[in-house]
Asker: 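My questions will all concern the structure given below.
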Amino acid sequence: MALWREHVATFGTADDGRLFFSERGGVLAYTTYHRVWHETRALALPPALTNTPLAKRPYDLRHSALSTWLCAGADPAEVAQRAGNSVEVLLSRYAKCLYDRQSINNQRIEGLLRSCCLSGLEDCVFAGQA
């Protein structure tokens with residue numbers, strides 16, 4: 001956040017709110033964005049990773065973020081909202097991130113049920129929801 005705030009304080013935003021814009025305030029040309037991305041990527045990554053697909057395109061960062069959030073157990077509805085997608089679109093593209101999570105989900109379900117049994121059903125999160 002500090003870098004973002006510093007950038008906005010130094011350069012401002014375009015009239016329409018874009019963070020990156022041309023000298024005249026217009027949309028950056030794809031060739032400019034592509035060139036700067038690849039130059040920056042070469043500086044940011046260790047040499048052993050520059051020829052890999054890691055962050056090859058800016059879109060890859062979005063894909064990595066959404067995959068990471070889903071793998072971390074974030075609610076797909078929340079992830080979809082943040083991504084500007086429907087849950088259906090999100091899961092059709094990223095369902096593989098949720099593959100083989102049965103043991104994790106079983107642990108969560110068992111933990112919830114155990115806490116309900118220990119505290120009494122009236123304190124259970126889903127009590128009264130039938």
Asker: Output side-chain donor-acceptor pairs under 3.5 Å for residues 46-54, partner residues at least two apart or in another chain, one line each.
Answerer:
unit_1, atom_1, unit_2, atom_2, d
T50, OG1, P47, O, 3.0
T52, OG1, L49, O, 2.7
T52, OG1, L54, N, 3.4

Asker: I'd like to know if the side chain of T13 and the backbone of G17 have a donor-acceptor N/O pair within less than 3.5 Å.
Answerer: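 No, the answer is negative, given that no donor and acceptor are paired below the 3.5 Å cut-off.
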Asker: Heavy atoms only: give me the nearest P58-Y33 pair and the separation to one decimal.
Answerer: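 For P58 versus Y33, the nearest heavy atoms are CG-CE2, 3.4 Å.
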Asker: Nearest 0.5 Å please: distance from the CD atom of Q107 over to the CG atom of L112.
Answerer: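 Rounded to the nearest 0.5 Å, the CD-CG separation comes out at 13.5 Å.
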Asker: Return yes if some donor-acceptor pair links the side-chain N/O of R62 with the main-chain N/O of A83 below 3.5 Å, else return no.
Answerer: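 Yes, because the side chain of R62 sits within donor-acceptor range (under 3.5 Å) of the backbone of A83.
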Asker: Quick check for you: to the nearest 0.5 Å, what is the distance between R5 atom CZ and T10 atom OG1?
Answerer: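 Reported value, rounded in 0.5 Å steps: 13.5 Å.
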Asker: Rounded to the nearest 0.5 Å, what's the gap from CG on L45 to NZ on K56? Could you check?
Answerer: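 One gets 10.0 Å once the value is rounded to the nearest 0.5 Å.
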Asker: Is it the case that R82 places NZ or CZ above or below the six-membered ring of W69, under 6.0 angstrom from the centre and within 45 degrees of the axis?
Answerer: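 Flagged: R82 positioned over aromatic ring of W69.
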Asker: Answer yes if M1 and L61 sit in the same cluster of Ile, Leu, Val, Met, Phe, Trp and Tyr residues linked by side chain heavy atoms under 4.5 Å apart, and no otherwise.
Answerer: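 No, it is not one cluster - the side chains of M1 and L61 are not joined through contacts under 4.5 Å.
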Asker: For the residue pair H7 and F11, does the interplanar ring angle fall in the parallel (under 30°), tilted (30 to 60°) or perpendicular (over 60°) class?
Answerer: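 Rings of H7 and F11: tilted, as their planes differ by 30° to 60°.
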Asker: Please report the closest heavy-atom contact between L91 and P76, naming both atoms and the distance.
Answerer: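 In this case the closest contact between L91 and P76 is CD2-CB, 4.2 Å.
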Asker: Verify, without hydrogens or angle tests, whether T68 (side chain) and S64 (backbone) share a donor-acceptor contact under 3.5 angstrom.
Answerer: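 A pair under 3.5 Å: yes.
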Asker: Do Y94 and V79 have side chains that approach each other closer than 4.5 Å (heavy atoms only, starting at C-beta)?
Answerer: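 Not touching, per the 4.5 Å side-chain cut-off.
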Asker: Considering residues, nucleotides and ligands other than E88, do more than 12 of their heavy atoms fall under 6.0 Å from its CD?
Answerer: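 No.
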Asker: Would L43 end up clustered with V36 when hydrophobic side chains under 4.5 Å apart are linked, directly or stepwise?
Answerer: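 Different clusters: L43 never reaches V36 through Ile, Leu, Val, Met, Phe, Trp or Tyr contacts under 4.5 Å.
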Asker: Give a yes or no on this: more than 12 heavy atoms of other residues, nucleotides or ligands lie within 6.0 Å of atom OH of Y30.
Answerer: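 Open.
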Asker: Between W37 (side chain) and A55 (backbone), is there a donor-acceptor pair under 3.5 Å?
Answerer: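 Checking the backbone N and O of A55 against the side chain of W37, a donor-acceptor pair under 3.5 Å is found.
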Asker: Is there a chain of hydrophobic side chains (I, L, V, M, F, W, Y, each step under 4.5 Å between heavy atoms) that links V8 to F20?
Answerer: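 Yes: a chain of side-chain contacts under 4.5 Å links V8 to F20.
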Asker: What residues, two or more places apart in sequence or in another chain, satisfy side-chain contact (heavy atoms from CB on, under 4.5 Å) together with D16?
Answerer: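 Applying side-chain contact (heavy atoms from CB on, under 4.5 Å) to D16 gives A14, R18.
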Asker: When rounded to the nearest 0.5 angstrom, what is the spacing between CG in L70 and CD in E78?
Answerer: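 L70 atom CG to E78 atom CD measures 11.0 Å (nearest 0.5 Å).
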Asker: Roughly how far, to the nearest 0.5 Å, is the OG1 atom of T40 from the CZ atom of R35?
Answerer: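 The OG1 atom of T40 is 9.5 Å from CZ of R35, to the nearest 0.5 Å.
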Asker: Looking at side-chain heavy atoms only, is the closest gap between R57 and H34 below 4.5 Å?
Answerer: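 Counting from C-beta outward, R57 and H34 never come under 4.5 Å.
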